[in-house]
Every structure is written in C-alpha cells, then in structure tokens.
Amino acid sequence: MAAAGAVTTVAASYVPRTRDSFLHLLSKAVTLSHLTELHAQLLHNGFQSDIATTTKLTHRLFDFSAVHHARSLFFSFPEPDRFLCNVLVKGLASNESPRSAIAAFKRLRERKSIDLGPDNFTYAFVIPAAASVGDVKVGISLHGQVIVGGFCSDLFIGSALIDLYFKLGRDDMARKVFDEMPERDAVLCNTMVSGLGRSSRFEDSIGIFRRMSEKTLASWNAMISGYAQNGLTEAAVSLFQEMQMSNVSPNPVTITSILSACAQLGALSLGQWVHGLIKSNKFDSNIYVSTALIDMYAKCGSIVEARRLFESIPNKNDVTWNAMISGYGLHGHGQEALKLFHEMVSSGTPLTRITFLSILHACSHSGLVKEGEQIFKSMKRDHGFEPISEHNACMVDILGRAGKLKEALDFIEGIPGDPGTPIWSTLLGACMVHKDTNVARMASEKLFESDPGNMGYYVLMSNIYSSDKNYPGAAFVRQVAKKRNLSKTPGCTLIEIHQKPHVFKAGDWSHPLSRAIYAELERLNGKMKEAGYQAETMTSLHDVEEEEKELMVNVHSEKLAIAFGLLSTEPGTEIRIFKNLRICLDCHTASKYISRVTQRVIVARDANRFHRFEDGVCSCGDYW
DNA sequence: GGCGGTAGAA
C-alpha cells in the first residue's frame with residue numbers, strides 16, 4: 001500500500017510542462033488511471049488543443065479499451081487531422097466495435113476537406129473491420145475506393161483485401177487481388193495461404209507454400225499432383241508455377257496455416273515434412289506452431305505422436321489442451337480425453353467454451369453418456385459457462401448416438417428459444433444410426449425450412465427412408481432436392497503409399513492400376529461372402545434391382561482405396577484411408593470383414609472421426 | 001510526432 005502511494009506521489013509531484021515529456025509519459029503509462037491522471041494534467045497545462053498529445057492520449061486510451069473516454073476526447077477536439085482520424089478508426093476497429101469503426105470512417109469521408117480524406121493507413125484499419133462484419137457492400141465499396149485512391153500496390157492494403165474477400169466467401173476475388181499485386185511479401189502470401197486453407201482450397205494453399213519454400217523441398221511435384229486431384233482445380237497448380245514470388249520464405253504464420261491444411265486433408269507425409277522444416281528453422285517454441293502440429297498429427301491418425309509432442313511442450317495454453325482433447329475425441333479415446341480434461345482443470349489453465357465442446361464431443365464419440373451429462377451440468381454450475389447452441393447440439397449428439405432419441409427430444413424441448421439448425425441436424429444424424437423414421441421426419445422438416453439449400457439433409461433423409469424400405473419416400477426427397485438444383489459433394493478417399501497420395505472417386509478407373517485394384521476387390525468379395533458379408537444396399541440406393549445395387553455399392557471410393565492399399569503394401573501393414581464425407585454403412589461393414597479376412601488393421605478417417613477396424617470389429621462400436 | 005495487413009482448438 002505504502003509503495004503504491006509513493007509511486008502516485010512521485011507521479012503527481014512531477015508535473016510535466018513540455019509536450020515532449022507529456023508524449024513520453026503517455027507512451028509509458030501502464031494503467032488506465034495513469035492515463036486519466038495525465039489527461040487531467042494536460043488540461044491543467046493548457047494542452048487541450050495540442051494535436052500531438054491528444055492523438056497520443058486517444059491512442060493509449062484505446063489500448064486500454066477505454067472506448068468511451070477515447071471517443072469523447074476525439075469529438076471534443078476542434079479540428080482533428082487525418083492521423084487522429086486514423087487513430088479513431090483503428091481504435092474502434094480493434095475494440096470489438098468494427099461497425100462503429102466503419103460508421104466513423106464514413107462520417108469522416110463525408111467531410112469535404114482534402115486533408116481528412118482517407119490515406120493508406122485508414123484503409124489498412126477499416127478493411128479488416130469490414131471483413132469481420134462480413135459486409136459485402138461495404139467491402140466492395142472500399143476496394144473501389146482503394147483503386148480510385150491509387151493504393152493498389154500497398155502491401156498492407158493488399159493483404160487486408162485478400163483476407164476481406166476470403167471472409168466474404170469470394171476466393172475468386174481474393175485470388176485476383178493476389179495475382180495483381182506488383183510485389184508480394186510474406187504476410188501477403190500468408191494471408192493467401194490461410195484463406196485458401198479455410199476455403200478448403202488445399203491444393204492452392206499448398207501450391208503457394210511450395211513457391212515459398214521451393215529451394216528446400218525435394219520431390220515436391222509428385223506430392224502436389226496427387227493432392228491436386230482431391231480438390232476442384234488441377235489448373236491451380238500450374239497457375240502457381242507461373243507465379244512470380246519474390247524471395248519470400250515461410251515463417252511461423254505460414255507454417256501454422258499449411259499445417260492446418262495438412263490436417264484437414266489428412267496429408268501426413270507433407271505434415272511430417274513441414275515438421276522437419278519447423279525443426280530446422282527453430283520454430284518449435286512458437287505455441288501456434290506446436291499446437292497446429294498436435295492437431296495435424298491427431299487428424300492424420302498419429303495420436304501417439306500427437307501426445308508425445310503435447311508432453312514436450314513447456315508453454316501449453318488453453319488451445320493446446322483443447323487440441324489434444326479433441327484429438328482423443330476424434331479417435332474415440334473418450335477415457336483418455338476425460339483424464340486429460342481433469343488434468344487441464346488441475347493444471348490451472350483457464351477452461352473455455354471450446355474446451356467443453358471438445359470434451360463433450362469426445363464423450364459422444366465414445367458413447368460416454370453419463371460422463372457427458374455430468375460435464376454439461378458442471379460447465380454451468382462449477383465453471384460459469386452458459387451453454388450455447390453448439391454445447392446443446394453436443395448433448396443431443398451424446399443422447400442421440402446412444403439411441404436415447406426420446407431423451408434427446410426432451411432435452412431439445414428444454415432449450416429456451418429456437419434450438420437452431422445444428423441441433424436438428426445432429427438429431428437427424430442420430431436417426432440415421434438408429435433408424436428412426438418418425439423423429440427423422442420431424443427434424444428434417446425443420447431443416448428443410450431453415451436451411452433449404454443444404455443437400456446433406458436431403459441425402460440423409462432419403463437414406464433414412466431407404467433403410468426403412470420406404471422407397472417412394474426416399475425418391476420423393478431426392479426429387480425435391482433435384483428440383484431445387486442441389487448437388488451432392490462427390491465423395492473421395494485418399495490413401496498415401498510411400499509418401500505419395502492417391503485419390504479415388506466412386507467407380508474410378510483413372511488410376512493406372514485400376515485393373516488390378518478391381519480384381520483385388522473381386523477376390524476380397526468372395527472371401528468376405530464366405531465369412532458372412534452381405535452388401536448393405538439399402539442406405540445408398542432405392543428402387544434398383546438387388547444385384548445392380550450390390551454392384552454399384554461395390555465401387556465406393558473407400559473400397560477402391562483399401563484394395564489399392566492391400567496391393568501396395570506388405571502383409572500386416574496398417575492401411576490408413578481418409579474420406580472427405582462420412583463413411584457409408586456398407587463400406588463400414590465391408591471394412592470390418594476386410595480387416596478379418598486379410599488380418600490387416602484398417603484405420604479410416606471420415607468427416608467426423610476415426611474408425612479403426614481390426615479382426616472384424618470397429619473401434620467406433622458401430623455408432624458414428 | 002505519432003497509426004498498418006497474416007496464424008492454432010469445435
């Protein structure tokens with residue numbers, strides 16, 4: 001107490017008189033009360049119309065989130081210059097009020113004075129604000145102003161625009177801005193790489209990364225060409241080859257983004273290569289990088305490696321813990337996830353809403369109903385988190401997957417207000433697993449109403465009808481979807497053999513070894529049937545002859561990839577495949593049989609989780 | 001005389 005009083009006394013007794021000393025003290029202030037005191041002294045010393053000190057003070061007030069104080073200071077100043085205006089726009093934008101930043105920007109622009117017109121700094125502040133609001137009109141208008149104002153070649157504005165367009169869902173425009181930049185630096189490239197990754201344009205994202213690290217990467221071309229097949233655009237890769245990149249090398253931000261792309265894609269060998277790059281560049285200590293690595297290993301199937309890394313990180317934060325907990329969840333290791341969750345609690349790391357999402361997900365993937373319910377209750381009671389829609393969806397998932405559809409419905413009724421799309425979609429998924437047509441019909445009606453453009457719900461509902469042998473119902477749902485011009489994401493499966501990715505689509509004959517692959521499938525089918533396998537045709541097809549159905553199911557991408565994997569690896573080797581959608585019921589059953597008749601472990605990652613097939617049994621316990 | 005763009009977990 002005495003010490004604190006002494007500090008105040010010193011500060012108060014030293015009354016600065018010059019502008020320089022004021023500026024110095026303003027930038028040194030470490031608490032909001034220092035600033036308030038300095039403000040008083042400024043007024044006392046007649047600095048109220050001095051623009052330099054006012055600007056500094058405004059800036060520092062925003063640093064301490066004193067938005068109201070900063071604002072009134074700005075508006076009490078008679079003639080703010082452009083710099084002071086920029087400080088206002090930036091301060092508002094970075095204090096979670098991007099809308100008021102945009103509003104302030106508009107007002108300032110309407111003033112006719114040339115001095116107050118926006119400059120390159122202004123746009124670097126206001127464009128990210130428009131991006132976080134997601135306002136298309138404002139965004140496009142800002143881009144127009146940038147062009148008219150002649151700021152197109154500004155690197156800061158360029159990356160802000162690229163990020164803006166990705167957030168507006170316009171990767172074409174992001175690409176255009178990127179292509180038209182006369183010069184590119186690391187941040188600009190990073191913005192492009194991470195934006196492409198977020199839009200699932202992995203091959204493009206990896207392509208840019210390749211340009212950045214070309215000198216150090218061997219046999220890169222083979223890798224890229226494989227991944228390119230998985231996405232929309234093979235042409236993209238050749239575009240990158242034309243691209244002129246100035247000597248830019250990857251930094252931790254680039255690495256983080258590219259690891260996230262590897263994780264989503266299941267590109268383990270590329271991820272491992274990036275891990276090597278991390279070591280040689282000494283990026284290990286960056287917590288973003290190490291967390292992204294854990295996530296990559298977990299999502300690429302190497303949960304043991306993920307845990308090993310986790311243990312070696314000294315500066316774990318909440319995101320690191322969450323990533324590891326989710327990793328266990330994906331692999332169906334619910335008990336491990338629970339253990340880690342409790343360790344996290346006792347480690348003193350602050351829990352977040354995402355921690356609870358991760359652990360609840362883990363419970364649902366492992367069928368831990370009681371544990372999930374307990375954690376859901378304790379979330380509010382012991383940790384003060386009010387459940388948001390996603391937490392409720394997790395609970396519905398936990399109950400639904402466990403076959404407790406009645407409880408799930410009761411739970412939904414207890415949610416105040418509109419339960420929301422994710423909850424109905426979760427319930428519909430549970431109906432698929434437990435073949436409940438009535439609840440499914442109810443859930444799908446809600447979904448068709450709230451999200452009519454999503455093909456996934458129509459497919460799911462149609463499959464549920466089919467599994468109930470209600471073929472007219474299934475056909476009707478598909479017809480509605482067709483009328484609305486909706487199309488299904490094509491399923492594909494990726495398998496890496498000797499560090500090279502191979503991608504298969506359903507009924508694919510494009511692989512050079514196709515004849516051998518189909519012959520292997522034929523051979524497997526015989527052995528599987530001997531073991532008791534019957535093709536599960538009902539969920540994928542309707543009103544087709546039984547034999548024809550069987551033939552069509554036969555060539556799903558999962559099976560092609562597995563057959564290729566069996567052909568290309570030594571007996572006993574584990575087979576790892578990655579599917580972009582959820583694995584279908586027939587492929588799930590078939591994989592169990594294949595694991596038995598070939599005595600191989602098959603690990604399959606689908607859009608939701610991992611399945612580990614061993615000796616005829618799947619680790620998911622048949623609900624997924 | 002002082003302001004700038006990009007990253008990890010569901």
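First the proteins, then the strands, lettered A, B, ... as listed; each starts at 1.
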Chemist: Just to be sure I understand the rule, does A:Ser290 reach a base, reach only the sugar-phosphate, or reach nothing, if contact means heavy atoms closer than 4.0 Å?
Modeler: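 Nothing, no nucleic acid heavy atom in range.
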Chemist: Without decimals, in angstroms, what is the distance between A:Lys316 NZ and B:dG8 C1'?
Modeler: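 The answer, rounded to whole Å, is 16 Å.
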Chemist: So A:Ile278 and A:Leu259, do their side chains get closer than 4.5 Å, heavy atoms only?
Modeler: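 They are in contact (side-chain heavy atoms under 4.5 Å apart), so the answer is yes.
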Chemist: Report the distance from atom CD1 of A:Ile359 to atom P of B:dA10, rounded to the nearest whole Å.
Modeler: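 From A:Ile359 CD1 to B:dA10 P: 13 Å.
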Chemist: Mind checking A:Lys299 for me? I need base, sugar-phosphate or nothing, with any heavy atom below 4.0 Å counting as a touch.
Modeler: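 The residue A:Lys299 makes sugar-phosphate contact but no base contact.
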Chemist: Can you tell me the distance, in whole Å, between the CD1 atom of A:Ile398 and the C1' atom of B:dA10?
Modeler: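 For the pair A:Ile398 CD1 and B:dA10 C1', the rounded distance is 13 Å.
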Chemist: For nucleotides 2-7 of chain B, read 5' to 3', which letter fits each nucleotide if B means a protein heavy atom sits under 4.0 Å from the base, S means only the sugar-phosphate is that close, and - means neither?
Modeler: BBBBBB
Chemist: Taking only residues two or more places apart in sequence or in another chain, which ones pass salt bridge (Lys or Arg N to Asp or Glu O under 4.0 Å) with A:Asp397?
Modeler: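 If we apply the salt bridge (Lys or Arg N to Asp or Glu O under 4.0 Å) test to A:Asp397, skipping adjacent residues, the hits are A:Arg401.
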Chemist: Is there, by distance only and without an angle test, a donor paired with an acceptor across the side chain of A:Asn317 and the base of B:dG8 below 3.5 Å?
Modeler: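 Indeed there is one.
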Chemist: In a table with atom names and distances, give each donor-acceptor pair under 3.5 Å that connects a side chain of residues 293-308 of chain A to protein atoms at least two apart or in another chain.
Modeler:
residue: A:Asp295; atom: OD1; partner: A:Lys299; partner atom: NZ; Å: 2.9
residue: A:Asp295; atom: OD2; partner: A:Lys299; partner atom: NZ; Å: 3.1
residue: A:Tyr297; atom: OH; partner: A:His275; partner atom: ND1; Å: 2.8
residue: A:Ser302; atom: OG; partner: A:Arg576; partner atom: NH1; Å: 3.4
residue: A:Glu305; atom: OE1; partner: A:Arg308; partner atom: NE; Å: 3.3
residue: A:Glu305; atom: OE2; partner: A:Arg308; partner atom: NH2; Å: 3.0
residue: A:Arg307; atom: NE; partner: A:Glu311; partner atom: OE2; Å: 2.6
residue: A:Arg307; atom: NH1; partner: A:Tyr328; partner atom: OH; Å: 3.1
residue: A:Arg307; atom: NH2; partner: A:Glu311; partner atom: OE2; Å: 2.7

Chemist: Measuring from atom CD1 of A:Ile255 to atom CG of A:Asn281, what distance do you get when rounded to the nearest 0.5 angstrom?
Modeler: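 That separation rounds to 6.5 Å.
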Chemist: Output the rounded distance in Å from CD1 (A:Ile313) to P (B:dA9).
Modeler: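 Whole-Å distance recorded here is 14 Å.
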Chemist: Could you state the CD1-C1' distance from A:Ile325 to B:dG8, rounded to the nearest angstrom?
Modeler: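 It works out to 15 Å between those atoms.
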Chemist: Please evaluate residues A:Asp63 and A:Arg60 with respect to the criterion salt bridge (charged side-chain N to carboxylate O under 4.0 Å, His left out), reporting the C-alpha separation (whole Å), side-chain torsions for both, the decisive distance (0.1 Å), and the verdict.
Modeler: CA-CA 5 Å; A:Asp63 282 349; A:Arg60 296 293 287 148; 2.8 Å; yes
Chemist: Separation of A:Phe47 atom CZ from B:dG1 atom P, in whole Å?
Modeler: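 Rounded to whole Å, this separation is 13 Å.
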Chemist: Could you tell me whether A:Phe310 and A:Trp321 have their ring centroids closer than 6.0 angstrom?
Modeler: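 That pair passes the under 6.0 Å test.
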Chemist: Tell me the interatomic distance from A:Arg19, atom CZ, to B:dG1, atom P, rounded to whole angstroms.
Modeler: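 Roughly 7 Å, once rounded to whole Å.
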Chemist: Any side-chain heavy-atom pair from A:Glu79 and A:Ile51 closer than 4.5 angstrom?
Modeler: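 No. Closest side-chain heavy atoms not under 4.5 Å.
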Chemist: Roughly, in whole Å, what's the span from OH in A:Tyr328 to P in B:dA10?
Modeler: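 Distance check: A:Tyr328 OH to B:dA10 P gives 16 Å.
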Chemist: Counting the atoms with a prime plus P, OP1 and OP2 as sugar-phosphate, which does A:Ile287 contact under 4.0 Å by heavy atoms, base, sugar-phosphate, or nothing?
Modeler: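 If one applies the 4.0 Å heavy-atom cut-off, A:Ile287 turns out to touch a base.
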